[in-house]
Amino acid sequence: MLEPNVVSYTSLMAGYINMGQPQIALLLFQKMLGNLVWPNEFTFATVIKACSMLADLITGKQIHTHIETFGFQYNLVVCSSLVDMYGKCNDVDGARRVFDLMGCRNVVSWTSIIVAHAQNAQGHEALEMFREFNYQSRDRPNQHMLASVINACASLGRLVSGKVAHGVVVRSGCEFNDVVASALVDMYAKCGSVNYSDKVFNRISNPSVVTYTSMIVGAAKYGLGRFSLDLFNEMISRGIKPNDVTFVGVLHACSHSGLVDEGIQHLDSMYRKYGIIPDAKHYTCVVDMLGRTGRLDEAYKLAKSIQVDPDGGPLLWGTLLSASRLHGRVDIAVEASNQLIESNQQVANAYVTLSNTYALAGEWENVHSLRSEMKRTGIHKEPGCSWVEIRDQTYAFYAGNALFERGSEVLSLLRELERKMKERGYVGGKTGLVFVDVEDEAREEIVGLHSERLALAFGLISIPKGITIRIMKNLRMCRDCHDVFKLISDIVERDFVVRDVNRFHHFRNGSCSCGNFW
DNA sequence: ATAGGGTTAG
């Protein structure tokens, strides 16, 4: 074209973006301005998307300035793209500033701000924005928004909110959407209910590689390594190509179920069979796999040989460090913590874990000198904690602290569990957190027992099935809601669902007002 | 010619 106009330039830029080359789109934008062709709202939405793909905040801000000089700062699509760009560049405040100034918002702009919060470790704010959307907007949430909301629930470990979102998914008719299903599978696994993950997964007739990967990772977290590997084989036999994340899941599964030889075989087959070149994250899984079973020298040798970027290094050395602690290998623990301290990342973790390794080896002088050095230099580690969510209450647990409500009951329960697990072949402590010589069935029983008994201790599963039915008969639901209720009941257990439906459904004058789920 | 969603190792 002798004189390409704004449409030709923008089309070409969009083409490069679709082909995954946002950098070239930005060069074209420069060239366009040089040729005195003036951009419009289509152009700006396109170049801002290029910036979000590159997570290039500096260029993004420059173009934001252009947008204001050209007067497009009130355009809905341009603003939505800006909100997304700031979010992808980890500038949540920037995203929020643009969003708050928007005069008009739609589902896309709300989704963008929810994602901006959810992907930057602000799950509570993400859920708050979803609540605000339902309150302010006349629009219904769609599959994009719900997938993001479920993602926020997953990152917070909020099972009840996740189930409510699941209810909205069913009502909105997007429960068989592949992205939504993947988010649900992941959410249930992260919220402690992998059996629900499985139920959701089994309802999807053509799961994608991501859906399979979510389920593989979910099963792996629960020590169901054999199940993860079966899923992987099933996926391959259905002709679905695995990706790099799938192999992280498979290696993770092998690592956490003590399947070292199979793990190594999978690593070898990655490139040979599927053309995926293993990178630092895969080798880190293998370091973990070797380290967990006590093959520390091999793990160390492998760790030293891996080329890592600044993000991967801390994860790699942190992995080796915790394996060293597990097996009391002071020599390697020192090396690994030095690597962490030098990279100036996870320094507090390095100090504490090294100190614990010394303690395990009985080298108390080293323990004390490390601890006093931490005090002197002001290095403080935030203690980790676990929590369960029951109705509207969150109960948090810290190591060594049984001073919470009904703490002594939970402690004696855990002691009994530990005894039973040992009876069945669980080996704790120095030999690593791997189930040894336990049949899959027995393992499932142990895991099942664990969550169920813990829940019982807090009265979580206190509603007998019979009462559930009585409650159902007393409810008056419209046909639509009743159908939805039955659908959800198929997926998750009844006694949980009744409570959720009750809580978020308002029944007035004996009729069902189903407009407000949240 | 334009904006939004899911899986990732310690």
Side-chain angles (χ1 to χ4, degrees), chain A residues 5-15 17-18 39-50 52 72 75-85 87-88 106-116 118-119 141-152 154 174 177-187 189-190 207-218 220 242-253 255-256 279-289 291-292 311-312 314-326 336 340 346 349 353:
Chain A
N5 65 7
V6 57
V7 180
S8 350
Y9 271 109
T10 308
S11 306
L12 193 57
M13 280 157 53
I17 285 173
N18 285 338
N40 62 16
E41 66 267 39
F42 290 83
T43 322
F44 280 122
T46 308
V47 278
I48 287 296
K49 184 181 173 139
S52 40
F72 290 111
N75 178 277
L76 175 67
V77 177
V78 171
C79 285
S80 302
S81 71
L82 280 170
V83 171
D84 180 60
M85 183 275 293
K88 296 270 160 51
N106 65 8
V107 188
V108 179
S109 23
W110 280 98
T111 303
S112 302
I113 194 66
I114 288 170
V115 172
Q119 292 184 348
N142 63 15
Q143 55 211 40
H144 294 259
M145 183 177 272
L146 290 170
S148 326
V149 169
I150 292 160
N151 179 22
C174 57
N177 174 277
D178 195 74
V179 176
V180 171
S182 306
L184 283 170
V185 167
D186 177 59
M187 181 276 292
K190 284 182 179 153
S208 69
V209 58
V210 178
T211 319
Y212 262 106
T213 303
S214 304
M215 195 60 234
I216 287 169
V217 171
N243 62 23
D244 54 335
V245 184
T246 314
F247 277 103
V248 170
V250 167
L251 294 171
H252 181 60
S255 175
H256 284 260
D279 62 27
K281 57 182 183 287
H282 301 107
Y283 288 116
T284 302
C285 291
V286 178
V287 165
D288 178 53
M289 202 155 68
R292 240 172 237 281
D311 286 342
L315 216 42
L316 173 67
W317 294 107
T319 301
L320 191 68
L321 175 60
S322 69
S324 310
R325 190 202 64 87
L326 204 59
L340 286 176
Q346 301 191 45
N349 173 38
T353 311

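A note on names: the letters A, B, ... follow the listed sequences, proteins ahead of strands, and every chain is numbered from 1.
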**Student:** Please give, in whole Å, the distance from B:dT8 P to A:Tyr212 OH?
**Tutor:**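 Going from OH in A:Tyr212 over to P in B:dT8 covers 18 Å.
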
**Student:** Of the listed nucleotides (B:dG5, B:dA1, B:dG4), which one gets closest to any side-chain atom of A:Ala14?
**Tutor:**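 Comparing B:dG5, B:dA1, B:dG4 against the side chain of A:Ala14, the answer is B:dA1.
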
**Student:** From C-beta outward on A:Val77, which listed nucleotide comes closest to its side chain: B:dA3, B:dG6, B:dT8?
**Tutor:**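 For the A:Val77 side chain, the nearest candidate turns out to be B:dA3.
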
**Student:** May I ask you to say what A:Asn75 touches in the nucleic acid, namely base, sugar-phosphate or nothing, with a heavy-atom cut-off under 4.0 Å?
**Tutor:**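 Nothing, no nucleic acid heavy atom in range.
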
**Student:** Whether A:Lys49 contacts B:dA1 is assessed here as follows: a side-chain N or O lying under 4.0 Å from the phosphate OP1 or OP2. Is that the case?
**Tutor:** no

**Student:** Taking atom types as modelled, find out whether A:Thr211 and A:Asp178 have a side-chain donor-acceptor pair closer than 3.5 angstrom.
**Tutor:** yes

**Student:** A:Ser214 near the nucleic acid: base, sugar-phosphate alone, or nothing, with a heavy-atom cut-off under 4.0 Å?
**Tutor:** sugar-phosphate

**Student:** Set out, in order, the CA-CA distance, both residues' side-chain angles and the distance that settles side chain to side chain contact (heavy atoms under 4.5 Å, CB included) for A:Val248 and A:Asp244, then state yes or no.
**Tutor:** CA-CA 7 Å; A:Val248 170; A:Asp244 54 335; 5.9 Å; no

**Student:** Let's see if you can work this out: which of B:dA1, B:dG5, B:dA3 has an atom nearest to the side-chain heavy atoms of A:Ser148?
**Tutor:**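 Out of B:dA1, B:dG5, B:dA3, the nucleotide with an atom closest to A:Ser148's side chain is B:dG5.
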
**Student:** Indicate, yes or no, whether a donor-acceptor pair under 3.5 Å links the base of B:dG4 to the side chain of A:Asn142.
**Tutor:**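 Such a pair exists between side chain and base.
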
**Student:** Where the side chain of A:Asn106 is defined as all heavy atoms beyond and including C-beta, which of B:dA3, B:dG4, B:dA9 is the nearest nucleotide?
**Tutor:**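 Selected nucleotide (nearest to the side chain): B:dA3.
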
**Student:** Strictly distance-based, threshold 3.5 Å: is any side-chain N or O of A:Asn40 a donor or acceptor partner for the main-chain N or O of A:Thr43?
**Tutor:** yes

**Student:** Do the side-chain N or O atoms of A:Gln119 get closer than 4.0 angstrom to the phosphate oxygens (OP1, OP2) of B:dG6?
**Tutor:**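 Yes.
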
**Student:** Determine the contact category for A:Ser52: base if any of its heavy atoms lies under 4.0 Å from a base atom, sugar-phosphate if only primed atoms, P, OP1 or OP2 are that close, otherwise nothing.
**Tutor:**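 Nothing: the residue A:Ser52, judged by heavy atoms under 4.0 Å, touches no strand.
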
**Student:** To the nearest angstrom, how far is A:Asn40 atom CG from B:dA3 atom C1'?
**Tutor:**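 So the two atoms are 14 Å apart, to the nearest Å.
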
**Student:** Please check the phosphate of B:dA1 (OP1 and OP2 only) for any side-chain N or O of A:Asn18 closer than 4.0 Å.
**Tutor:** no

**Student:** So, does the side chain of A:Ser208 form a donor-acceptor pair with the base of B:dG6 at under 3.5 Å?
**Tutor:**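 Donor-acceptor pair under 3.5 Å: yes.
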
**Student:** What integer distance in Å separates A:Ile216:CD1 from B:dA9:P?
**Tutor:**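 Those two atoms, CD1 and P, are 14 Å apart.
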
**Student:** Where the side chain of A:Thr10 is defined as all heavy atoms beyond and including C-beta, which of B:dA1, B:dA3, B:dT7 is the nearest nucleotide?
**Tutor:**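 Taking heavy atoms from C-beta onward, the closest nucleotide is B:dA1.
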
**Student:** Identify whether any heavy atom of A:Val185 sits under 4.0 Å from a base atom; if not, whether one sits that close to sugar-phosphate; answer base, sugar-phosphate or nothing.
**Tutor:** nothing

**Student:** Looking at A:Asn177 and B:dG6, is any side-chain donor or acceptor paired with a base atom of the opposite kind under 3.5 Å?
**Tutor:**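 By the distance-only test, no, there is no pair.
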
**Student:** Looking only at side-chain atoms of A:Leu315, point me to the closest of B:dA3, B:dA9, B:dT2.
**Tutor:**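 The closest nucleotide is B:dA9.
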
**Student:** Of the candidate nucleotides B:dA9, B:dG6, B:dG5, which contains the atom at the shortest distance from the side chain of A:Asp84?
**Tutor:**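 Looking only at side-chain atoms, A:Asp84 lies closest to B:dG5.
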
**Student:** In whole Å, I'd like the distance from the NE2 atom of A:His144 to the C1' atom of B:dG6.
**Tutor:** 11 Å

**Student:** In sequence, state the C-alpha distance, the side-chain angles, and the governing distance for A:Lys49 and A:Thr46, and then conclude on side chain to side chain contact (heavy atoms under 4.5 Å, CB included).
**Tutor:** CA-CA 5 Å; A:Lys49 184 181 173 139; A:Thr46 308; 5.8 Å; no

**Student:** Once you round it to whole Å, what is the distance between P of B:dA9 and CG of A:Asp288?
**Tutor:**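 Interatomic distance, CG of A:Asp288 to P of B:dA9: 10 Å.
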
**Student:** Is there a side-chain polar atom (N or O) of A:Lys190 under 4.0 Å from OP1 or OP2 of B:dT8?
**Tutor:** yes

**Student:** Looking at every strand, decide which applies to A:Asp178 at a 4.0 Å heavy-atom threshold: base, sugar-phosphate, or nothing.
**Tutor:**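 Base contact.
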
**Student:** Any donor-acceptor pair under 3.5 Å joining the side chain of A:Ser182 to the base of B:dG6?
**Tutor:**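 Yes, a donor-acceptor pair under 3.5 Å.
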
**Student:** Atom CE of A:Met215 to atom P of B:dT8: distance rounded to whole Å?
**Tutor:**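 A:Met215 atom CE is separated from B:dT8 atom P by 13 Å.
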
**Student:** With distance as the sole test, does A:Ser11 use its side chain to make a donor-acceptor pair with the main-chain N or O of A:Val7 at under 3.5 Å?
**Tutor:** yes

**Student:** Do A:Asn151 and A:Ser148 pair up side chain to side chain, a donor and an acceptor below 3.5 Å, judged on atom types alone?
**Tutor:** no

**Student:** Mind calculating the distance between CG (A:Leu82) and C1' (B:dA3) to the nearest angstrom?
**Tutor:**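 Distance check: A:Leu82 CG to B:dA3 C1' gives 10 Å.
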
**Student:** Measure from the side-chain heavy atoms of A:Val180 and tell me the nearest of B:dG5, B:dA9, B:dT8.
**Tutor:**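 Shortest atom-to-atom distance from the side chain points to B:dG5.
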
**Student:** Could you tell me whether the side chain of A:Ser81 and the main chain of A:Val78 form a donor-acceptor pair under 3.5 Å?
**Tutor:** yes

**Student:** Using the side-chain heavy atoms of A:Lys88, tell me which of these nucleotides is nearest: B:dA9, B:dA1, B:dG5.
**Tutor:**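 Given the options B:dA9, B:dA1, B:dG5, the side chain of A:Lys88 is closest to B:dG5.
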
**Student:** Distance criterion of 3.5 Å, no angle test: do you see the side chain of A:Ser11 paired donor-to-acceptor with the base of B:dA1?
**Tutor:** no

**Student:** Starting at CG of A:Leu12 and ending at P of B:dA1, how long is that distance when rounded to a whole Å?
**Tutor:** 13 Å

**Student:** Any idea which of B:dG5, B:dG6, B:dT2 is nearest the A:Val210 side chain?
**Tutor:** B:dG6

**Student:** Would you mind classifying the nucleic acid contact of A:Val287 as base, sugar-phosphate or nothing, using non-hydrogen atoms under 4.0 angstrom?
**Tutor:** nothing

